[in-house]
Number of protein chains: 2
Amino acid sequence: MDNKQRQWPLDRRAVIKLLGDCGIQATQQRIDIAQILFHQPQHLSADQILKTVNESRPSVSKATVYNTLGLFADKGLVRQVIVDPSRVFYDSNTSEHHHLYDIDHGTLTDIAPEQLTVSGMPALPDGMVTEGIDVIIRVRSE
Amino acid sequence: MDNKQRQWPLDRRAVIKLLGDCGIQATQQRIDIAQILFHQPQHLSADQILKTVNESRPSVSKATVYNTLGLFADKGLVRQVIVDPSRVFYDSNTSEHHHLYDIDHGTLTDIAPEQLTVSGMPALPDGMVTEGIDVIIRVRSE
DNA sequence: ATATTAATTAGACTTTGTCTAATTAATAGG
DNA sequence: CCTATTAATTAGACAAAGTCTAATTAATAT
Ligand SMILES: [Mn+2]
Ligand SMILES: [Mn+2]
Ligand SMILES: [Zn+2]
Ligand SMILES: [Zn+2]
């Protein structure tokens, strides 16, 4: 299944279609969360999503935000980015790319895959399967 | 300051010397923690270190373990490895290398820098300073 | 020895995330 | 449509990693 989103933002209809294509039941809460994520290619923490989705009137619980993000990640709709010991970022851009992380501001920026090449994947021990390769450039900028 | 440890394990004397060279006061607690870390090149979590250092008789508090690991990281004696959202690993090998992370078992393995090359460091925006480049190969192995 | 400074400590606290059991919403079949 | 069944949501308890504070203890310098 090829999930390259090309037209941002995804509107409500497109989001419902996307969920359906992944075999995810399109509930109100999931649609709301997906609309936030797929407004543009971006990196959001669970907490940022929880706040955003509830900023007009409270509508989605913390448990559902975590459940939904976990589900989206499992289905490959979003990618978890682990760069900060204190929280996970969810990346709405699942196409291959690398990251630049500003330690001081806690902000993530994309690096296009053409810009940076990793060569020499070592042979993996028997029974191991590559799940992904993360390249993170850590910067300070005080 | 060049901190390439070459003879493992570092004994008590070597550890005290190492701390002194970094301007770290060699207290009993710090020596104990350093001896665990510098027994061999390895990746340990704060919790693993806390347990190990207290396995004969309790001698070092949780606060001191965290203080000490933070201090060692600041001084460049150890390197933090952020691959798991639930805990930070401290790497006693500070020479340049990459990592392979087994998601299912939570274990980290080193990849020699010769084995894997990153080419094409993008130009950084003004005022940004590179802190490090992390390459992590994530694998499953169930 | 004493004074001064630095490190350690227990335990409260915070934050991120998980879990449970009860409620509510969605779906399917008649 | 109505009803039965299943799936999702929820509040709030809970867990784990890590931080912070104020008091104590240890190290250093004179
Ligand atoms: Mn957050
Ligand atoms: Mn741990
Ligand atoms: Zn990204
Ligand atoms: Zn390593």
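Within every chain, numbering begins at 1; the chains are lettered A, B, ... in the order of the sequence lines, protein sequences first and strands thereafter.
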*Asks:* With no hydrogens and no angle check, just 3.5 Å: does a side-chain donor-acceptor pair link Asp110(A) and His98(A)?
*Replies:* no
*Asks:* Check Asp91(A), Leu69(A), Leu77(A) against Leu37(A) for a side-chain contact (heavy atoms from CB on, under 4.5 Å) and give me the one that passes.
*Replies:* Leu69(A)
*Asks:* Could you give the CD1-to-P distance, from Ile82(B) to dA17(D), as a whole number of Å?
*Replies:* 16 Å
*Asks:* What is the separation between atom CG on Leu50(A) and atom P on dA11(D), rounded to the nearest whole Å?
*Replies:* 10 Å
*Asks:* Starting at CD1 of Ile36(B), measure out to OH of Tyr90(B) and round the result to the nearest 0.5 Å.
*Replies:* 14.5 Å
*Asks:* For Pro85(B) and for Val60(B), find the nucleotide of DNA chain C with the closest heavy atom, then tell me which residue's nucleotide is more 5'.
*Replies:* Val60(B)
*Asks:* Distance check, rounded to the nearest 0.5 Å: Lys75(B) atom NZ versus Ile24(B) atom CD1?
*Replies:* 6.0 Å
*Asks:* With a non-hydrogen cut-off below 4.0 angstrom, is Gln25(A) in contact with a base, only sugar-phosphate, or nothing?
*Replies:* sugar-phosphate
*Asks:* I need the CG-C1' distance between Leu19(B) and dA27(D), as an integer number of Å.
*Replies:* 15 Å
*Asks:* Between dA17(D) atom P and Leu44(B) atom CG, what is the distance in whole Å?
*Replies:* 14 Å
*Asks:* Taking atom CG of Leu108(A) and atom CG of Leu100(A), what is their separation to the nearest 0.5 Å?
*Replies:* 8.5 Å
*Asks:* In terms of side-chain heavy atoms of Arg87(A), which of dA8(D), dG17(C), dA27(D) is nearest?
*Replies:* dG17(C)
*Asks:* Less than 4.0 angstrom between a side-chain N/O of Thr64(A) and OP1 or OP2 of dT10(D), yes or no?
*Replies:* yes
*Asks:* Would you mind reading off the distance between Ile24(A) atom CD1 and dT9(D) atom P, rounded to a whole angstrom?
*Replies:* 11 Å
*Asks:* Please confirm whether the shortest side-chain N or O distance from Thr27(B) to OP1 or OP2 of dT8(C) is below 4.0 Å.
*Replies:* yes
*Asks:* For the helix from dA1(C)-dT30(D) to dG30(C)-dC1(D), measure the angle between the helix axis at one end and the axis at the other, each built from five pairs, rounding to 10°.
*Replies:* 30°
*Asks:* How far does NE2 of His99(B) sit from CG of Asn93(B), to the nearest 0.5 angstrom?
*Replies:* 7.0 Å
*Asks:* Over how many whole Å does the gap from Asp84(A) atom CG to dT15(C) atom C1' extend?
*Replies:* 12 Å
*Asks:* Would you kindly say whether Ser45(A) and Asp47(A) are connected by a side-chain donor-acceptor distance under 3.5 Å?
*Replies:* no
*Asks:* Just wondering, are more than 12 heavy atoms of other shown residues or ligands nearer than 6.0 Å to CD in Glu96(A)?
*Replies:* no
*Asks:* So, is Arg30(B) close to the dA7(C) phosphate, meaning a side-chain N or O under 4.0 Å from OP1 or OP2?
*Replies:* yes
*Asks:* Below the 4.0 Å mark, does dT16(C) have OP1 or OP2 next to a side-chain nitrogen or oxygen of Ser45(A)?
*Replies:* no
*Asks:* Measure the distance from CG on Asn54(A) to P on dT9(D) and round it to the nearest whole Å.
*Replies:* 13 Å
*Asks:* Out of curiosity, Asp126(A) CG to Ser141(B) OG, how far, rounded to the nearest 0.5 Å?
*Replies:* 11.0 Å
*Asks:* Taking only N/O atoms, report every protein-nucleotides 18-25 of chain C pair under 3.5 Å with atom names and distance.
*Replies:*
unit_1, atom_1, unit_2, atom_2, d
dT18(C), O4, Lys62(A), NZ, 3.4

